[in-house]
A.B. asks: 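After the structure tokens below, expect a handful of questions from me.
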Number of protein chains: 2
Amino acid sequence: MARPRQFDEDQVLRAVRDQFWDAGYTATSLEDLMRVSGLGKGSLYGAFGDKHQLFLRALREYTDTSGGHLREMLTSAPRALDALRAFVLAPVSDPGGTAAQRGCLMANSTCELATTDPDVLAEARRTYEATTALVAECVVRAQDEGDLPRDVDPVATARALLAAQQGIVFMGRTGLDIDTLTATARTLADRFLPDA
Amino acid sequence: MARPRQFDEDQVLRAVRDQFWDAGYTATSLEDLMRVSGLGKGSLYGAFGDKHQLFLRALREYTDTSGGHLREMLTSAPRALDALRAFVLAPVSDPGGTAAQRGCLMANSTCELATTDPDVLAEARRTYEATTALVAECVVRAQDEGDLPRDVDPVATARALLAAQQGIVFMGRTGLDIDTLTATARTLADRFLPDA
DNA sequence: CGTATGGTGGACCGATCAGTCAATAATTCG
DNA sequence: CGAATTATTGACTGATCGGTCCACCATACG
């Protein structure tokens, strides 16, 4: 029984997320956040709390969204092996390669803040634990389908695939051209995943 | 014919580098830099210019030092294949795993600043180009020694090994425990480098 | 020993930082 | 329609930012 919000919370979170993504957490000022969200300080603070809380919300929005995409990617393909291959190649799936240079918000934030921000570190551990579990599930399915040998440890394999994928993401962030990056991702995928 | 510097430039650069390493570029203030270096503002500005120039100097000091270590690592081992293995395992060579959590200053800086700081991006490209070349040389040597097949492209292999190594570095930054991280690095190394 | 040179430390600057607060506006419910 | 409630806006705060400047001082050279 009062005045309703005049903005869409998710839309604001996405705008704020993009700002943090491009400039990093520390280098983003409240003025930046007001500009990209179109909101005043009072509204931002009223709806999300301070800068740090807002960042964690945006980060969570990001991990939830990309976690959803990941789950879909890993379960939609008919063959699990193809899904794993798509997982490693995901960082170069953007045609222009512009997305590659942006890197991953979770990874960028971890590199920037892991030493000083326990909340971000915890979110990183949570995210990569969950990702490992999802990929490991897919590895088991690939084993069931006869595409991967039975004697490899699914979780260890998942961790190696995740590390390789994050390595690709990082090389993309350095501005490595998309063709070279794609070739590198393929090389890594080929070593882990037979056939093609 | 004037008063000589009362500090060792390299020592200051190392202290400053550690500060940037732990807190990131943006989150490090001039007060922090004065504290860790023991110098006043005037001395810092007189010797190194502004914060950005000082950061680039510290970053260069870091890449030069680790580039030297890398070169030594890749050339000192009797067998090139062992050197390549050591390269992939380097991020977990620290016994306690504390170094692993710190990550790599160049990588952290790239993730934080790649979008906004052309100088850092250029330094990253330069560094990883040089690293690729060094590793590729070592791959050729391993081929000459009969430990790697002749038909693989040395540069492509080097890029894949570098990406895998950076993936390990990143997983270490997320705080993944050192044992799991070591196992992951071994898994990656084993796929690329036969024998042991 | 005096003077020129350049290093040193800290006061100081305007700008910007994150965050607070109160006046105002918009909405719902009685 | 009026009262209660909450969103919105923007002025304001004290702190801190990066950077400048200058008075002071240690040294080297004549």
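Within every chain, numbering begins at 1; the chains are lettered A, B, ... in the order of the sequence lines, protein sequences first and strands thereafter. Values below: every heavy atom of this structure, side chains too, minus hydrogens, waters and symmetry copies.
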A.B. asks: Taking all non-hydrogen atoms of both residues, which atom of A:Ala185 and which atom of A:Val88 are closest, and how far apart?
C.D. replies: O-CG1, 3.9 Å
A.B. asks: For DNA chain D, find the residues of residues 17-51 of chain B with a heavy-atom distance under 4.0 Å and give them by number; none if there aren't any.
C.D. replies: B:Thr28, B:Ser29, B:Leu30, B:Glu31, B:Lys41, B:Tyr45, B:Asp50, B:Lys51
A.B. asks: Is the shortest side-chain N to carboxylate O distance from B:Glu9 to B:Arg5 below 4.0 Å?
C.D. replies: yes
A.B. asks: What is the separation between atom CD on A:Gln6 and atom P on C:dT24, rounded to the nearest whole Å?
C.D. replies: 18 Å
A.B. asks: Just the rounded figure in Å: distance from C1' of C:dG19 to CG of A:Leu54.
C.D. replies: 13 Å
A.B. asks: What is the distance from CZ of B:Arg3 to C1' of D:dT27, rounded to the nearest Å?
C.D. replies: 8 Å
A.B. asks: Between B:Arg126 and B:Glu129, is the closest basic N to carboxylate O distance under 4.0 Å?
C.D. replies: no
A.B. asks: Any salt bridge between A:Asp144 and A:Arg150, counting N to O under 4.0 Å?
C.D. replies: yes
A.B. asks: When you check the side-chain N and O atoms of B:Arg173 and A:Thr115, is any donor under 3.5 Å from an acceptor?
C.D. replies: yes
A.B. asks: How many whole angstroms separate atom CZ of B:Arg5 from atom P of C:dT5?
C.D. replies: 18 Å
A.B. asks: What I want to check is whether the side chains of B:Asp32 and B:Ser29 have a donor and an acceptor closer together than 3.5 Å.
C.D. replies: yes
A.B. asks: Is the shortest distance from a Lys or Arg side-chain nitrogen in B:Asp153 or B:Arg159 to a carboxylate oxygen in the other one below 4.0 Å?
C.D. replies: no
A.B. asks: Check B:Glu137 with B:Arg141, please: is the shortest side-chain N to carboxylate O separation under 4.0 Å?
C.D. replies: no
A.B. asks: Hey, what bend do you get for the helix from C:dC1-D:dG30 to C:dG30-D:dC1 if you fit axes on five pairs at each end, rounded to 10°?
C.D. replies: 0°
